[in-house]
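Sequential numbering from 1 along the given sequence is applied to the chain's residues.
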Amino acid sequence: MKENLIIFNARIATPLGSSAREGKEMSWLHIIERGTIEITNGTITYVGPPRSGEEAGFRWGYYWYDAQGRCVLPGFVDSHTHFVFGGERSEEFSRRLKGESYMSIMQSGGGIASTVKATREQTFDQLRVRAEKFLKKMTTMGVTTVEGKSGYGLDKETELLQLRVMKSLNNDEKRQLDIVSTFLGTHALPEEYTGRADEYIDFLIKEMLPLIRRERLAECCDVFCEDGVFSIQQSRRLLTAAKKQGFILKLHADEMVSLGGAELAAELHALSADHLLQASDEGIRRMAQSHVVATLLPLTAFALKESYARGRDMINAGCAVALATDLNPGSCFSGSIPLTIALACIYMGLTVEEAITALTLNGAAALNRAESIGSIEVGKKGDLVILNSDKYTILPYYIGINCVDVTIKEGVLYINNH
């Protein structure tokens with residue numbers, strides 16, 4: 001769905017550009033007081049001060065919306081989620097509250113393996129209905145583009161099923177956000193391949209990657225590069241093969257230990273490296289040099305009671321930092337954009353301006369979409385959010401409380417009821 005829309009009397013705040021903003025550039029927001037945004041057939045065709053005759057409030061074929069001085073930002077881009085899955089793991093969460101670690105639960109047969117079992121038992125319709133509910137909640141928090149990963153099948157049928165659910169949702173003409181799909185067949189080693197990780201990598205390279213490309217089910221290939229999961233060498237082999245087959249590369253890197261995932265992302269010129277709680281100084285330096293987007297997930301650190309990724313250090317080193325929720329059934333059963341922003345500013349040292357850039361233009365860059373979304377500029381999609389205030393500084397101040405009044409997807413208005 002695309003519409004013609006004119007928003008007037010808006011306080012517009014947006015990063016600018018068609019690529020990720022790095023280092024100090026992340027704090028640069030373009031501000032227009034009493035601004036106007038014109039969206040024609042879903043695409044932005046004018047951004048700037050009021051034009052003559054505008055106060056008359058009429059232009060044929062356009063819906064007019066008075067922002068009443070409220071702040072208008074680009075639509076939020078949640079560039080790392082796992083929103084298609086079966087089951088839930090609240091009991092494991094209780095175990096973690098009692099002191100067990102995420103990795104120890106995973107090694108005892110829980111964790112990802114538990115969700116894999118539940119997801120394999122779901123039908124297409126069951127997975128789609130549940131995923132659609134998550135997407136509707138995301139929209140109310142201002143998300144207009146989201147990434148979704150597979151990785152809860154770890155077999156041919158269920159991995160394809162997850163990706164087909166995402167493709168179906170993205171092809172729905174009534175959708176309220178866009179979905180970018182990522183293949184994460186290396187989320188964990190499936191039980192049937194215990195002790196045969198290299199054979200599993202072979203299976204993914206020879207069978208899964210070509211099939212997914214033929215069906216156009218995913219743009220990106222991701223790997224959980226972590227001690228006790230997939231090694232640097234195994235991750236390099238899979239991602240090198242994926243790149244040759246036309247996939248864009250992403251990594252779960254240096255989440256639990258400093259394994260060298262950030263350095264590998266830089267070596268392979270990956271689009272993004274995500275988590276990075278334990279990224280080394282050298283890894284951060286190399287990501288900045290190679291223009292790898294550092295996608296940080298503060299909700300996961302919060303839920304796991306781990307130290308936060310060094311967002312401030314990464315920006316000071318010249319990195320492009322993105323923020324995402326990491327919605328998933330295990331380590332972070334939350335898609336809260338408001339809490340993500342608050343944690344990033346309070347515990348990771350980001351300014352409000354940097355957090356906005358991280359959730360808009362840099363999130364778009366982490367999905368290879370910076371040329372079409374992520375900022376309020378002519379030629380980009382009319383994806384916007386209108387806050388309940390004229391000050392964008394309200395975003396981290398409303399700790400965990402949604403302050404998005406209106407979400408706009410390609411010119412279509414969705415009024416949010418808090």
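A donor-acceptor contact shorter than 3.5 Å is absent between the side chain of N362 and the backbone of A365. Side-chain atoms of E255 do not come within 3.5 Å of backbone N or O of E226 as any donor-acceptor pair. Counting only distance, with no hydrogens or angles, the side chain of S104 and the backbone of E100 share no donor-acceptor pair below 3.5 Å. With E3 contributing its side chain and L5 its backbone, the two residues share no donor-acceptor pair below 3.5 Å. Side-chain atoms of R11 do not come within 3.5 Å of backbone N or O of C71 as any donor-acceptor pair. Distance alone, capped at 3.5 Å, places no donor-acceptor pair between the T295 side chain and the S272 backbone. Between the D383 side chain and the E410 main chain, a donor and an acceptor come within less than 3.5 Å of each other.
The OG1 atom of T14 lies 7.5 Å from the CG atom of L361; values are rounded to the nearest 0.5 Å. Between the CZ atom in R130 and the OG1 atom in T119 there is a gap of 8.5 Å [rounded to 0.5 Å]. To the nearest 0.5 Å, the span separating NZ on K250 from CG on N368 amounts to 9.0 Å. Note: T325 OG1 to L359 CG = 9.0 Å, rounded to the nearest 0.5 Å. We find the CE-SG distance between M287 and C319 to be 4.5 Å, quoted to the nearest 0.5 Å. A distance of 10.0 Å separates OG in S372 from CG in L367, rounded to the nearest 0.5 Å.
Centroid-to-centroid, the aromatic rings of H269 and H291 stay 6.0 Å apart or farther. Ring to ring, F134 and F85 are close: their centroids are under 6.0 angstrom apart. For F224 and F230, the gap between ring centers reaches or exceeds 6.0 Å.
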For this session: May I have the step-by-step check of salt bridge (charged side-chain N to carboxylate O under 4.0 Å, His left out) for R128 and D172, ending in yes or no?
Result: CA-CA 12 Å; R128 193 184 191 281; D172 190 335; 3.5 Å; yes
For this session: In sequence, state the C-alpha distance, the side-chain angles, and the governing distance for R369 and T145, and then conclude on side chain to side chain donor-acceptor pair (under 3.5 Å).
Result: CA-CA 10 Å; R369 293 289 194 280; T145 301; over 6 Å; no
Problem set entry | I408 vs I386, side-chain contact (heavy atoms from CB on, under 4.5 Å): CA-CA, chis, key distance, verdict | CA-CA 8 Å; I408 300 168; I386 302 178; 4.0 Å; yes
For this session: Determine, step by step, whether D155 and T158 satisfy the side chain to side chain donor-acceptor pair (under 3.5 Å) criterion, reporting the C-alpha distance in whole Å, the side-chain angles of both residues, the deciding distance to 0.1 Å, and the verdict.
Result: CA-CA 6 Å; D155 61 8; T158 318; 2.8 Å; yes
For this session: Walk me through it: do N416 and T407 pass the test side chain to side chain donor-acceptor pair (under 3.5 Å)?
Result: CA-CA 7 Å; N416 300 327; T407 303; 3.1 Å; yes
Exercise. Could you walk me through whether L296 and M314 pass the side-chain contact (heavy atoms from CB on, under 4.5 Å) check?
Worked result: CA-CA 10 Å; L296 308 184; M314 293 177 190; 3.8 Å; yes
For this session: Assess whether salt bridge (charged side-chain N to carboxylate O under 4.0 Å, His left out) is satisfied between E353 and R21, documenting all intermediate values.
Result: CA-CA 12 Å; E353 291 81 4; R21 302 297 86 188; over 6 Å; no
Problem set entry | Pair I7-L384, side-chain contact (heavy atoms from CB on, under 4.5 Å): steps then yes or no | CA-CA 10 Å; I7 302 169; L384 313 167; 3.5 Å; yes
For this session: Please assess F83 against L169 for the test side-chain contact (heavy atoms from CB on, under 4.5 Å), listing each intermediate value before the final yes or no.
Result: CA-CA 12 Å; F83 70 88; L169 290 165; 4.1 Å; yes
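In summary, E354 and K24 do not engage in a salt bridge, as defined by a charged side-chain N under 4.0 Å from a carboxylate O. Ion pairing between a basic and an acidic side chain is recognised when a charged N comes within 4.0 Å of a carboxylate O; D281 and R310 show such pairing. A salt bridge between E263 and R286 is absent, with no side-chain N of the basic residue lying under 4.0 Å from a carboxylate O of the acidic one.
Inspection of the R70 and S389 side chains reveals no N or O donor paired with an N or O acceptor under 3.5 Å. For Q289 and R285, the side-chain atoms include at least one donor-acceptor pair closer than 3.5 Å. Between D125 and T123, the side chains place no donor N or O within less than 3.5 Å of an acceptor N or O (distance only, hydrogens not considered). Of the N and O atoms on the side chains of T140 and Y414, not one donor lies less than 3.5 Å from an acceptor on the other residue. Side chains of E282 and S280: a donor-acceptor N/O pair is absent below 3.5 angstrom, by distance only. Side-chain N/O atoms of D326 and H80 include a donor and acceptor closer than 3.5 Å.
Counting all heavy atoms, side chain and backbone alike, A197 lies closest to Q234 at CB-NE2, 3.5 Å. Across every non-hydrogen atom of I373 and K380, the tightest pair is O-NZ, 3.2 Å. Here the closest heavy-atom approach between residue H275 and residue A309 is recorded as O-CB, 3.6 Å. The minimum heavy-atom distance between V321 and G311, with the atom names listed, is CG2-O, 4.4 Å. Between V293 and A322, the shortest heavy-atom distance links the atoms CG1-CB, 3.7 Å. When all heavy atoms of A13 and I376 are compared, the closest pair comes out as O-CD1, 4.4 Å.
The salt bridge (Lys or Arg N to Asp or Glu O under 4.0 Å) search around K156 returns E207, not counting sequence neighbours.
Side-chain contact check for L271 versus V292: every heavy-atom pair is 4.5 Å or farther apart. Between L413 and Y63, some side-chain heavy-atom pair lies under the 4.5 Å cut-off. Looking at E33 and I31, their side chains come closer than 4.5 Å, going by heavy atoms from C-beta outward.
Judged by a 6.0 Å distance limit and a 45° cone about the ring axis, R164 is not positioned over the six-membered ring of F124.
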Just list the side-chain donor-acceptor pairs under 3.5 Å for residues 178-185, sequence neighbours left out, or say none.
{"residue": "D178", "atom": "OD1", "partner": "R175", "partner atom": "NE", "Å": "3.0"}
{"residue": "D178", "atom": "OD1", "partner": "R175", "partner atom": "NH2", "Å": "2.9"}
{"residue": "D178", "atom": "OD2", "partner": "K381", "partner atom": "NZ", "Å": "2.7"}
{"residue": "D178", "atom": "OD2", "partner": "K409", "partner atom": "NZ", "Å": "2.6"}
{"residue": "T182", "atom": "OG1", "partner": "E147", "partner atom": "OE2", "Å": "2.7"}

